[in-house]
Amino acid sequence: MKTDLPQDISDFAAVANKRLTRLGGPPAALRAEADDTIRQSARAALNDVGAFELDVRAGGDDVLAAAVLCQAAGATALPYPLVEELMAIDGARLALVNPEAPRIDHGDLPGDWIAADLDGNRYRAEPASRTNAKLGPFLVPATLSAPDGTVPAADVNLHLVLGSWRILGAMQQSLQIVSDHVRARVQFGKPLADFQAVRFAIADAAVAVRGLDELAKFTISRPESVPWQVRSSDALVLRLKAADTARQVLRSSHQLLGALGFCDESDVSVLDRHTQPLIRLPLGAEGLALRLVPAVPDGSLETLFSRPVSA
């Protein structure tokens, strides 16, 4: 089965990667924690590649282009709320939140925000000041209004899916960094990559990332005719897979890099810290799994043993 993206989308991905990399990658994201002009430059870079001309709700090539752009943003730890801006409603960025502990990544940026929970309840959001937390340095606590209407389920699903593509990019980059490290690092007279246990760890991480890549492509290419309940389950499964893969890859990366993996001199440390909001919000892996439980008996969660879903 051929799962390659269309050539024009692959070409756009290459251009986007090149432009976002030119911004500086994880070192630039690290500087952005203290220098807000970096986030302005990040927005300018997105504008250069036409990010804000994409109509993600139209589907087709636009949503595929948005997906690979989010993947590039994840790989470069882009310090900007790309998914939230792509999903904007009437000019206000859309953030997915947990109403019990609402926090918005990059919520301190100028502009209006709309918040929604996974049930589609819509809120007016008033972000506070940044806390400069080590994990999620741009996370901002927010005050939510009472529920103020709803957000379409399709918007919630697409938000989850695009965020998962951003996690995918970050994990691909982390895997590449640690793979290069074990090939270059010599211990006991030979590269770390020559040790069987190291090879097993890299192989397991590579299989997990490849599986996430394939699932991300499958999910974003689902036909619109598939029932919305199934598409919602697909989006939750993808985000759950992304969170689990991130946990596995980051754990292996830190183990193989040793103490270096926890220092900001390592790009893996920056990728880890800046990806944590996506991994944990609006719900972590356990919360996502619990939301999927009702989808098992009602048939909206497809498994190897499910009856075929009509397209």
**Student:** Would you check, one step at a time, whether the test side chain to side chain contact (heavy atoms under 4.5 Å, CB included) holds for T245 with I167?
**Tutor:** CA-CA 9 Å; T245 299; I167 295 173; over 6 Å; no
**Student:** Main chain of M87, side chain of H159: is a donor-acceptor contact present, judged purely on distance under 3.5 Å?
**Tutor:** no
**Student:** Identify, with sequence neighbours excluded, every residue that meets side-chain contact (heavy atoms from CB on, under 4.5 Å) alongside A95.
**Tutor:** E84, V97, I104, W113
**Student:** How long is the span from the CG atom in L30 to the CG atom in D35, to the nearest 0.5 Å?
**Tutor:** 11.5 Å
**Student:** Taking all non-hydrogen atoms of both residues into account, name the closest pair between P81 and L109 and its distance.
**Tutor:** CD-CD1, 3.5 Å
**Student:** Which pairs pass ring pair (Phe, Tyr, Trp, His ring centres under 6.0 Å) with one or both residues in residues 181-205, sequence neighbours excluded?
**Tutor:** none
**Student:** Measuring from atom CZ of R239 to atom CD1 of I279, what distance do you get when rounded to the nearest 0.5 angstrom?
**Tutor:** 9.5 Å
**Student:** State, to 0.1 Å, how close S253 and S174 come at their nearest heavy-atom pair, and which atoms those are.
**Tutor:** OG-OG, 3.0 Å
**Student:** Checking D48 now: which residues fulfil side-chain contact (heavy atoms from CB on, under 4.5 Å) with it, not counting sequence neighbours?
**Tutor:** R19
**Student:** Strictly distance-based, threshold 3.5 Å: is any side-chain N or O of S164 a donor or acceptor partner for the main-chain N or O of L160?
**Tutor:** yes
**Student:** May I ask you to test the L281-L96 pair for a side-chain heavy-atom distance under 4.5 Å?
**Tutor:** no
**Student:** Answer yes or no: is there a donor N or O on one side and an acceptor on the other, between the side chain of R231 and the main chain of L158, under 3.5 Å?
**Tutor:** no
**Student:** Got more than 12 heavy atoms from elsewhere within 6.0 Å of CZ, R291?
**Tutor:** yes
**Student:** In terms of relative ring orientation, are F262 and H254 parallel, tilted or perpendicular, with 30° and 60° separating the classes?
**Tutor:** parallel
**Student:** Evaluate the criterion side-chain hydrogen bond (donor to acceptor under 3.5 Å, both in side chains) for residue pair Q40 and D36; output intermediate values, then yes/no.
**Tutor:** CA-CA 7 Å; Q40 297 170 14; D36 267 350; over 6 Å; no
**Student:** For D244 and K241, run salt bridge (Lys or Arg N to Asp or Glu O under 4.0 Å): C-alpha distance rounded to whole Å, both residues' side-chain angles, the deciding distance at 0.1 Å, then the answer.
**Tutor:** CA-CA 5 Å; D244 277 344; K241 169 64 174 173; over 6 Å; no
**Student:** Are the charged groups of K134 and D264 less than 4.0 angstrom apart, N to O?
**Tutor:** yes
**Student:** Is there side-chain contact between T76 and L23, with heavy atoms separated by less than 4.5 Å?
**Tutor:** no
**Student:** For the CD atom on Q248, are there more than 12 heavy atoms of other groups (residues, nucleotides or ligands in this structure) within a distance under 6.0 Å?
**Tutor:** yes
**Student:** Identify, with sequence neighbours excluded, every residue that meets side-chain contact (heavy atoms from CB on, under 4.5 Å) alongside P27.
**Tutor:** R31, D267
**Student:** Would you say the side chain of P141 lies within less than 4.5 Å of the side chain of T131, judging by non-hydrogen atoms?
**Tutor:** yes
**Student:** When rounded to the nearest 0.5 angstrom, what is the spacing between CD in E126 and CG in L144?
**Tutor:** 10.0 Å
**Student:** So, taking the atom named CD in Q172 and the one named CD in Q176, what distance separates them when rounded to the nearest 0.5 Å?
**Tutor:** 10.0 Å
**Student:** With side chains defined as the heavy atoms from C-beta onward, is the minimum distance between L192 and L256 less than 4.5 Å?
**Tutor:** no
**Student:** Distance from L94 atom CG to E85 atom CD, nearest 0.5 Å?
**Tutor:** 11.5 Å
**Student:** Would you check if I114 and D90 make a side-chain contact, meaning some heavy-atom pair closer than 4.5 Å?
**Tutor:** no
**Student:** For the side chain of R39 and the backbone of P79, is there at least one donor-acceptor N/O pair under 3.5 Å apart?
**Tutor:** no
**Student:** CE of M171 to CG of L175: how many Å apart, nearest 0.5 Å?
**Tutor:** 10.0 Å
**Student:** Could you work out, with side-chain contact (heavy atoms from CB on, under 4.5 Å) as the rule, every residue matching A73, not counting sequence neighbours?
**Tutor:** L20, L78, L82, R166
**Student:** Classify the side-chain pair Q276/D272 by whether it contains a donor and acceptor separated by less than 3.5 Å.
**Tutor:** yes
**Student:** Take V63 and I220 through the side chain to side chain contact (heavy atoms under 4.5 Å, CB included) test and state the conclusion after the steps.
**Tutor:** CA-CA 8 Å; V63 75; I220 204 149; 4.0 Å; yes
**Student:** Sorted by first residue and then second, give each side chain to side chain donor-acceptor pair (under 3.5 Å) pair with at least one member in residues 55-69; sequence neighbours left out.
**Tutor:** R57-D155
**Student:** Ignoring hydrogens and angles, tell me if any N or O in the side chain of N121 forms a donor-acceptor pair with the backbone of D117 under 3.5 Å.
**Tutor:** no
**Student:** Ignoring hydrogens and geometry, is there a side-chain-to-backbone donor-acceptor pair from R93 to D112 under 3.5 Å?
**Tutor:** no
**Student:** As a test of understanding, state which of L288, T219, L168 forms a side-chain contact (heavy atoms from CB on, under 4.5 Å) with L238.
**Tutor:** T219
